[in-house]
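Every value quoted in this text rests on a predicted model; they were computed, and no experiment measured them. Because only heavy atoms are used, hydrogens play no part in the values below, and waters and symmetry mates are left out as well, while side chains stay in. Here is the naming used below: chain letters follow the sequence lines, and residue numbers restart at 1 for every chain.
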Amino acid sequence: MTPIEGIVALYIFMLAAFTGYEIISKVPVILHTPLMSGSNFVHGIVLVGAMVAMGHAESNLELTIGFIGVFLAAGNAVGGYVVTERMLEMFKPSKKESDV
Amino acid sequence: MIDQIISFSYLIAAALFIIGLKRMSSPKNARQGIIWAGYGMILATVVTFAYPDLHNFALMGVAIISSSMLAWWSAKKVAMTDMPQMIALYNGMGGGAAAAIAAVELIKLATEHAHQSSLPFMPPTYDHSVSLAVLILAILGGLIGTVAFSGSLIAFAKLQGWMKGVIRFKGQRALNGLAFLGTLCLGFIMATQVEMIPGTTQIFAGTFPIEILLAFFVLALVFGVMMTVPIGGADMPVVISLFNALTGLAVGFEGFVLGNAAMMIAGTVVGSAGFLLTQLMAKAMNRSLSNVLFSNFGSSGSGEAQEISGSMKPIEAADVGVMMAYAEKVLIIPGYGMAVAQAQHKIWELTQLLRKNGVKVKFAIHPVAGRMPGHMNVLLAEAGVPYDIIEDLDEVNEEFATADVCLVIGANDVVNPDAKDNPDSPIYGMPILNAWQAKNCIVIKRGQGRGFSGIENALFFADNTRMLYGDGQDATGEIISAVKEMT
């Protein structure tokens with residue numbers, strides 16, 4: 001893999017930071033919790049990093065820590081997804097205008 | 001070739017995350033948002049198995065499958081009211097994972113040596129080298145991830161009720177500061193005790209003892225615990241949001257360490273979005289973030305017993321039923337008490353009944369009602385309340401003056417007029433719902449005790465306020481039968 005380094009990494013950092021700011025800045029209060037939960041799921045991407053760290057482990061110590069990392073990260077991703085999905089499932093608009 | 005496929009898949013995954021989050025910011029297509037993000041996660045995870053030079057697949061599979069099943073089961077099983085602590089728990093796991101990546105990288109560095117060539121006059125070779133910037137990011141990511149890990153677990157324990165109350169003592173802030181400085185110092189030692197490849201700025205090995213590394217993580221864990229224990233339950237949402245942002249940042253930093261674009265982008269986006277969200281939440285409580293983290297809000301010493309004239313006047317459910325059935329407009333203010341009593345279904349039943357009788361019913365949600373912003377919205381949505389009759393503070397506050405009945409169920413501080421009138425009150429300045437402007441105000445409450453912040457509420461003593469004592473669900477049930485009898 002060619003790692004991304006130096007100034008390119010800084011560019012990515014800056015653009016991603018602005019993107020995150022933009023996404024949140026116009027959110028209604030009612031979606032704050034689902035969105036927090038959703039972003040909680042998104043940082044579950046740490047799983048791929050944990051997999052790489054574990055896969056490249058050279059000693060038993062590294063392997064053990066890598067294993068813990070993968071275990072935690074998978075929990076973050078799966079749990080974060082299910083909780084968010086369950087929350088968002090409930091957001092339904094009212095079916096009829098007439099029952100108002 | 002496979003490298004390009006992986007890099008390209010990460011790019012797509014990052015795009016899917018951003019689109020997913022964007023979709024989640026509007027109620028209509030929020031549901032698709034998480035599904036899009038989910039595809040991104042699956043794609044990124046699957047291609048990672050093809051990463052070059054990866055080993056230990058069997059154990060990796062065990063870790064992923066066992067953890068996924070546990071998380072799936074726990075997340076499915078948990079009641080809607082307990083969602084906030086589950087978010088804290090999963091967030092802590094993410095922080096821990098980021099810290100684990102940092103630990104592996106730092107251990108590698110600490111155990112690395114130069115390989116002397118067997119041929120004379122040949123320069124030694126090195127397995128691995130990093131720049132100082134990457135090393136610093138690894139250390140910072142490890143610190144932040146560890147703090148988010150232990151802090152989130154404390155937040156989880158507090159919301160789950162495993163840990164009651166707050167722990168405060170004299171000099172706590174100084175001690176926390178020392179712990180933080182100590183962690184930074186250990187990090188500084190790791191960043192400076194290194195060996196560079198001659199003639200370059202690349203670091204190939206750390207000369208720090210492995211004990212320093214251990215002490216660094218232990219102290220960071222302790223700091224995470226120490227900074228969270230003095231914070232009261234009412235402030236937990238803000239704190240969880242902060243830890244969520246911190247985990248994002250840690251993941252982003254470790255992404256830079258591994259040169260992994262998906263982690264860089266997703267982590268940084270979550271980090272910046274999370275910090276903004278945290279600030280929005282703190283602002284909704286009219287407090288600064290530092291105030292949440294460092295002040296002793298709601299401690300026993302806050303506010304001398306204030307003299308409030310008048311008394312709390314009780315009312316019977318039957319009378320409330322009459323009042324509501326003949327009202328034109330009813331506003332309902334739910335709070336944490338509704339969540340505890342699981343009364344949201346009964347409340348919706350009452351709402352439907354009233355709407356059938358031509359009463360206009362709306363829900364007024366304070367930004368920090370419950371234990372998380374949007375907590376009430378989630379519960380009401382669970383019960384089936386359409387989101388278009390749920391109103392935010394700004395939208396609904398002028399309507400109280402024209403409302404016949406305002407029903408407060410399990411909310412307290414968010415309707416306390418002291419926040420407007422009493423400059424001595426600890427919550428002075430917090431925007432509140434103007435419940436007292438309604439012609440009649442009914443408060444469903446378990447007993448005469450004070451709210452979460454421990455502050456007396458003048459609304460409960462007002463002339464147009466009546467108290468309906470009892471469990472939220474039972475009380476609402478009684479109102480429903482009273483309304484039914486009349487129609």
Could you tell me which of A/Gly38, A/Gly66, A/Ala73, A/Gly49 has the largest number of non-hydrogen atom pairs under 4.5 Å with chain B? A/Gly49

Considering only heavy atoms and a distance below 4.5 Å, find which of A/Val48, A/Val52, A/Thr84 pairs most often with chain B. A/Val48

Name the region of B/Phe243, side chain, backbone, both or neither, that has any atom closer than 4.5 Å to a heavy atom of chain A. neither

In terms of heavy-atom proximity below 4.5 Å to chain A, should B/Lys362 be classed as side chain, backbone, both, or neither? neither

Which atoms of B/Phe49 are under 4.5 Å from chain A, going by heavy atoms: the side chain, the backbone, both sets, or neither? both

Between B/Ser74 and chain A, which part of the residue has a heavy atom less than 4.5 Å away: side chain, backbone, both or neither? neither

Chain A shares the most heavy-atom pairs under 4.5 Å, among B/Ala99, B/Gly267, B/Gly38, B/Ala103, with B/Gly38

Does any backbone or side-chain atom of B/Val47 lie under 4.5 Å from a heavy atom of chain A? Answer side chain, backbone, both or neither. neither

For chain A, the option from B/Glu254, B/Met41, B/His55 that forms the most heavy-atom pairs under 4.5 Å: B/Met41

Answer key: most heavy-atom pairs under 4.5 Å with chain A among B/Val361, B/Leu380, B/Val251 is B/Val251

Indicate whether any N or O donor in one side chain lies under 3.5 Å from an N or O acceptor in the other, for B/Asn244 and A/Ser39. yes

Pairs of heavy atoms under 4.5 Å with chain B: top-ranked of A/Ala77, A/Gly80, A/Gly75, A/Ala50: A/Gly75

Okay, side chain of B/Lys108, backbone of A/His56: is any donor-acceptor separation there less than 3.5 Å? yes

Identify the heavy atoms of A/Leu35 and B/Ser25 that sit nearest to each other, and give their distance. CD1-N, 4.2 Å

Assert top hit (heavy-atom pairs under 4.5 Å, partner chain B, pool A/Ile68, A/Leu63, A/Thr64) equals A/Leu63

Under the 3.5 angstrom rule, does the side chain of A/Asn76 hit a backbone N or O of B/Met93 as a donor-acceptor pair? no

Measure distances from B/Ser131 to the heavy atoms of chain A and classify the residue's part below 4.5 Å as side chain, backbone, both or neither. neither

By a 4.5 Å heavy-atom criterion (distance strictly below it), what part of B/Leu70 contacts chain A: side chain, backbone, both, or neither? side chain

Top contributor to chain B interface from A/Ile23, A/Val82, A/Asn40, A/Val83 [non-hydrogen pairs under 4.5 Å]: A/Asn40

Portion of A/Leu15 that has a non-hydrogen atom of chain B nearer than 4.5 angstrom: neither

Is the shortest side-chain N to carboxylate O distance from B/Arg31 to A/Glu85 below 4.0 Å? yes

Heavy-atom pair of closest approach, residues B/Met60 and A/Met51: CE-O, 3.4 Å

Side chain from CB out, backbone as N, CA, C, O: work out which of these in A/Leu47 comes under 4.5 Å of a heavy atom of chain B, or both, or neither. side chain

Among A/Ala74, A/Gly69, A/Gly79, which has the most heavy-atom pairs under 4.5 Å with chain B? A/Gly79

Aromatic ring pairing A/Phe13/B/Phe253, orientation class (parallel under 30°, perpendicular over 60°, tilted between): tilted

Scanning both residues in full, the closest heavy-atom pair of A/Ser37 with B/Ile87 reads CB-CD1, 3.6 Å

B/Ser272 side-chain N/O to A/Tyr21 backbone N/O, donor-acceptor pair under 3.5 Å: yes

Can you give me the closest heavy-atom contact between B/Thr268 and A/Ala16, atom names plus distance? CB-CB, 3.6 Å

Minimum heavy-atom distance between B/Ala97 and A/Leu72, given as atom pair plus value: N-CD1, 3.9 Å

Identify the heavy atoms of A/Leu88 and B/Ala30 that sit nearest to each other, and give their distance. CD1-O, 3.2 Å

Checking B/Ala98 against chain A: side chain, backbone, both or neither under 4.5 Å from a heavy atom? both

